[in-house]
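Have a look at the structure below before the remarks.
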There are 2 protein chains.
Amino acid sequence: MATEKLDTATRREQIAEAALALISEKGMQGLAIASLARRVGLVNSALYRHFNGKDEVLDAMLDLIGDRLMANVKAVRRESARPLDQLRQLLMRHIRLIRENQALPRIVFSEEIYSGKPERRTKLFNIISRYLTNVSDIFSEGQKNGTIRSDTDPLVLAVMFLGLIQPAAILWHLSNNKFDVTKHAEKAWGIFADGLSR
Amino acid sequence: MATEKLDTATRREQIAEAALALISEKGMQGLAIASLARRVGLVNSALYRHFNGKDEVLDAMLDLIGDRLMANVKAVRRESARPLDQLRQLLMRHIRLIRENQALPRIVFSEEIYSGKPERRTKLFNIISRYLTNVSDIFSEGQKNGTIRSDTDPLVLAVMFLGLIQPAAILWHLSNNKFDVTKHAEKAWGIFADGLSR
DNA sequence: TCTCCAAGTGAATATACGTTCACATGATAT
DNA sequence: ATATCATGTGAACGTATATTCACTTGGAGA
């Protein structure tokens, strides 16, 4: 009725973002074409004007997530010059990203994403690998720098870095947001960084 | 036809274990009542003789997982007296458990588990909490013992401990089992333990 | 050996969801 | 002002899957 017509480029963005929001609120189960369409003010069928199917929506979502992860990396590289500070900042940004957007862990952990279309698993792997590579670059710089011990593989450190947040994020989620991720991350980072610099 | 009749106690076990196996092979999607029943040699409807519905099956599965986690803890406490050794053993056992039983991470990370029935989220939280408490007990002993630095919260350490494996497990899974979890865990443990003892 | 109830069967039902299609409409370019 | 095409609509279809129910059957105990 009163639904204004918007071009596909705009709609695709709206829809991908609505998908993230929906998942954040209702979980993967909540991501139904009908709900998704309604959320951007359309009916089911209209969604197919902009995406060939649900698969394409999922792909678009993954791209969005990749963008946000990389945006965080770029931001912290701008904000500070010292690797250890950059990492700490990144940790906090990552937590904020997850808190504001619960869709992120839910998508990464869910197989609905790639159970139908195995290539999407590779896509997700690439997104995470790219993030890890960037994180490990920061570690490398710290090692050249002398602020981080050089006897350890930076890629291992990068994966450990993710490990500072991940289980905490799950506990936060399972505990109905009672578990304090930020506090945990601060303490864990303290211990980790302590070990790094010696 | 040639399906022998077994008592409910037996069937419940068979079914819960079949559920874990199914998820390990096909993912959460693969856990359909029909497939599950067929796997233990029954038809759909027969399953309802032993469970009131899918929900009950999920509950039974969670209990099974809890048991296996706790079994690992008990085993390592038997095998060694020194906390650091126990932890290392537990790490390796945990990895083995996950490798042999991909269902574990898939279930923990999936919300299908509790999206329908929120109390199940609490149940899962309790299972993990229980495991964490046991792990943190080991850390505590190490601290009393003098082999682990005392200026850190053992519960934080326990969560970090999980973080040594978790992201690696995901990478392993996303990379079609190419990423070497065991190798990562060994390196990561080296770094972590190094930080612990100083 | 007979009886009876727990355990197993097959068909039917209900629901939820992705997708398609013939038709309507509004913005834009001429 | 009008034509055109991208965008939006409503209804219908197909499929997958959990659940129910009237029934059969096998085996343990009287």
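A quick note: this is a predicted structure, and the numbers were derived from the prediction, not measured.
Side-chain atoms of Ser45(B) lie closest to dG10(C) of the nucleotides dC21(C), dG10(C), dT19(D). Which of dC17(C), dT9(C), dA6(D) sits closest to the side chain of Val43(B) comes down to dT9(C).
What separates NZ of Lys54(A) from P of dT19(C) is a distance of 8 Å, to the nearest Å. Between the CG atom of Leu47(B) and the P atom of dT20(D) there is a distance of 12 Å, given to the nearest Å. Protein atom NZ of Lys26(B) is 17 Å distant from nucleotide atom C1' of dT17(D), rounded to whole Å. Rounded to an integer number of Å, the gap from Leu42(A) CG to dT25(C) P is 17 Å. Residue Ile33(A) contributes atom CD1, which lies 11 Å from atom P of dC17(C) at whole-angstrom precision. Protein atom CG of Asn52(B) is 10 Å distant from nucleotide atom P of dT19(D), rounded to whole Å. Here dA18(D) presents its P atom at 9 Å from CG of Asn44(B), a figure rounded to the nearest Å. Gln29(B) has its CD atom 14 Å from the C1' atom of dG18(C), to the nearest Å.
Side-chain nitrogen and oxygen atoms of Thr3(B) include none within less than 4.0 Å of the OP1 or OP2 phosphate oxygen of dA7(C). An OP1 or OP2 oxygen of dG8(C) is reached within less than 4.0 angstrom by a side-chain nitrogen or oxygen of His50(B). Proximity of Lys5(A) to the phosphate of dA27(C): no side-chain N or O atom is located under 4.0 Å from OP1 or OP2. In this model, the phosphate group of dG8(D) is approached by a side-chain N or O of Arg11(A) to a distance below 4.0 Å at OP1 or OP2. One finds no side-chain N or O of Arg49(A) lying less than 4.0 angstrom from the OP1 or OP2 phosphate oxygen of dT9(D).
Ring geometry for Phe139(B) against Phe161(B) counts as perpendicular: the plane angle is over 60°, on a 0 to 90° scale with 30° as the lower cut. Ring geometry for Phe109(A) versus Phe109(B): interplanar angle under 30°, hence parallel rather than tilted (30 to 60°).
Counted within 6.0 Å of CG on Asp151(A), heavy atoms from surrounding residues, nucleotides or ligands total more than 12; the atom is thus considered enclosed.
Nucleic acid contact class of Ala32(B) (heavy atoms, under 4.0 Å, all strands): sugar-phosphate only. Among the protein residues, Leu31(A) comes within range of the sugar-phosphate backbone only, with heavy atoms under 4.0 Å from sugar or phosphate atoms but none that close to a base.
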Q | side chain to side chain contact (heavy atoms under 4.5 Å, CB included) evaluation trace for Arg130(B) with Met70(B) | A | CA-CA 8 Å; Arg130(B) 187 139 158 265; Met70(B) 293 313 295; 3.8 Å; yes
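For His173(A) and Phe125(B), the distance between ring centers is not under 6.0 angstrom.
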